Amino acid sequence: MPPYAESITSFWKGRLAAGPRAPELPPVKHLLANASMPFDLARSRAQAASLARAIRGDGRQVLLIPGLLASEQRMEPLRAILQAAGFEAHGWGMGRNLGPRADSLEKIDRRVDEIRRGSGKPVTLVGWSLGGLFAREYAKIATNKVGGVVTMGTPFSGDVRANHAWRLYQLVAGHPVDCPPFACDRAVKPPVPTIALWSRRDGVILPACAKGRAGERDRAMEVDCTHMGFAVAPEGILAVGKALERLRD
């Protein structure tokens, strides 16, 4: 066997790992509807001022964590509107989200410490899709630093393969979707207030998996948007703002 054969085999092992087929997946018509993202973004840019006025910011420090393959640029429309609304919104500072690594939570911890350096106050985490899983797991190990967690279309409940993204996840992250590089029990609620945003029109994640069950999150809020729309559509951005307001109540 050539010396490089083992390396090639190892490289693809986790990426091509199979698993049991989920009994239910999001409808394909809803998956295809995610192509509307450019139009959603255009609507949010046109409505940015009115969206900011509709959200009651309170100066709270907020950390935005992008989804799989998304970068801070994808989160910028949301960050800018939250900032204009009166929140102190920050990017996560880790570039494009290429899936969890063994040190991912440590890097988030360093970023949270940077944000807290001036005030010492807890930071509220807002995570989109995979970013919401990062937020929930980090909140479990750094409870005193986190004021609450808002997830957007995050599959923290139910079948880990009940979505159209798990194969892409494995190709990008390099490990099976049910074997992350750090301890993770998705359904266990963090010991901080949590709100799950979910949509019947998500298309990527099965709605029930993003909504969660009682005891897996404190509150669930339905949003009328696609999965991609959570971070860029007016409906998704406004829902994040309202979720942040409810965490304050």
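In what follows, every heavy atom counts, from backbone to side chain, and hydrogens, waters and symmetry copies are set aside. Being a predicted model, the structure only gives us computed values, none of them experimental.
- Smallest separation of non-hydrogen atoms from Ala22 and Ala162: CB-CA, 3.7 Å.
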Would you sort out whether Thr154 and Arg186 count as a side-chain contact (heavy atoms from CB on, under 4.5 Å), showing the intermediate values?
CA-CA 10 Å; Thr154 294; Arg186 295 178 306 122; over 6 Å; no
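- Checking side-chain atoms of Arg74 against main-chain N and O of Pro66 turns up no donor-acceptor pair under 3.5 Å.
- The side-chain tip of Arg136 points at the ring of Phe156 from less than 6.0 angstrom away and within 45° of straight on.
- Using a 4.5 Å heavy-atom cutoff, the side chains of Leu69 and Asn97 are not in contact.
- No salt bridge links Glu216 with Lys189; every basic N to acidic carboxylate O contact stays at or beyond 4.0 Å.
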Apply side-chain contact (heavy atoms from CB on, under 4.5 Å) to residues Leu64 and Leu78 and explain how you reach the verdict.
CA-CA 9 Å; Leu64 306 179; Leu78 172 60; 4.2 Å; yes
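- Counting heavy atoms from C-beta outward, Phe87 and Thr124 have side chains that stay 4.5 Å or more apart.
- Shown here is Phe182, whose CZ atom has more than 12 heavy atoms of other residues, nucleotides or ligands within 6.0 Å.
- Taking 4.5 Å as the limit, every side-chain heavy atom of Leu25 sits out of range of all side-chain heavy atoms of Leu206.
- Inter-residue side-chain proximity for Ile195 and Met221 is flagged as met; some heavy-atom pair is nearer than 4.5 Å.
- Here the side chains of Val62 and His90 are not in contact, with every heavy-atom distance at 4.5 Å or above.
- One hydrophobic cluster, built from ILVMFWY side chains closer than 4.5 Å, cannot hold both Ile205 and Val160; they sit in different ones.
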Show, in sequence, the C-alpha distance, side-chain angles and deciding distance for Leu125 and Tyr138, and conclude whether the side-chain contact (heavy atoms from CB on, under 4.5 Å) test is met.
CA-CA 9 Å; Leu125 308 181; Tyr138 175 72; 3.7 Å; yes
Cut-off 3.5 Å, no hydrogens considered: what does the side-chain donor-acceptor table look like for residues 223-244, sequence neighbours left out?
from   : atom 1 : to     : atom 2 : distance (Å)
Asp224 : OD1    : Arg201 : NE     : 2.7
Asp224 : OD1    : Arg201 : NH2    : 3.3
Thr226 : OG1    : Asn34  : OD1    : 3.4
Thr226 : OG1    : Gly229 : N      : 3.1
His227 : ND1    : Asp202 : OD1    : 3.1
His227 : ND1    : Asp202 : OD2    : 3.0
His227 : NE2    : Ser129 : OG     : 3.0
Glu235 : OE1    : Arg43  : NH2    : 3.0
Glu235 : OE2    : Arg43  : NH1    : 3.1
Lys242 : NZ     : Ala54  : O      : 2.7

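- Within the structure, salt bridge (charged side-chain N to carboxylate O under 4.0 Å, His left out) pairs that include any residue of residues 159-169 comprise Arg161-Asp178 (at least two apart or interchain).
- Salt-bridge formation is detected for the pair Arg200/Glu222: a Lys NZ or Arg NE/NH1/NH2 atom is positioned less than 4.0 Å from an Asp or Glu carboxylate oxygen.
- Looking at Thr194 and Thr151, their side chains never come closer than 4.5 Å, going by heavy atoms from C-beta outward.
- Classification of the Tyr169-His175 ring pair by plane angle, with boundaries at 30° and 60°, yields perpendicular.
- Gly203 and Pro26 make their closest contact through O-CB, 3.4 Å (heavy atoms, listed as atom of the first residue, atom of the second, distance).
- Side-chain contact between Lys107 and Ser104 is absent, with no heavy atoms from C-beta onward closer than 4.5 Å.
- When the side chains of ILVMFWY residues are joined at heavy-atom separations under 4.5 Å, either directly or via intervening members, Leu130 and Trp198 end up in two distinct hydrophobic clusters.
- A 4.5 Å side-chain heavy-atom check between Leu105 and Asp103 finds every atom pair outside the cut-off.
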Quick one: do Glu245 and Ile55 satisfy side-chain contact (heavy atoms from CB on, under 4.5 Å)? Show the steps, please.
CA-CA 8 Å; Glu245 290 178 17; Ile55 298 170; 4.0 Å; yes
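- Across Arg117, Arg111, Arg116, a single residue satisfies side chain to side chain donor-acceptor pair (under 3.5 Å) together with Glu114, and that is Arg111.
- To the nearest 0.5 Å, atoms CZ (Arg79) and CG (Leu63) are separated by 12.0 Å.
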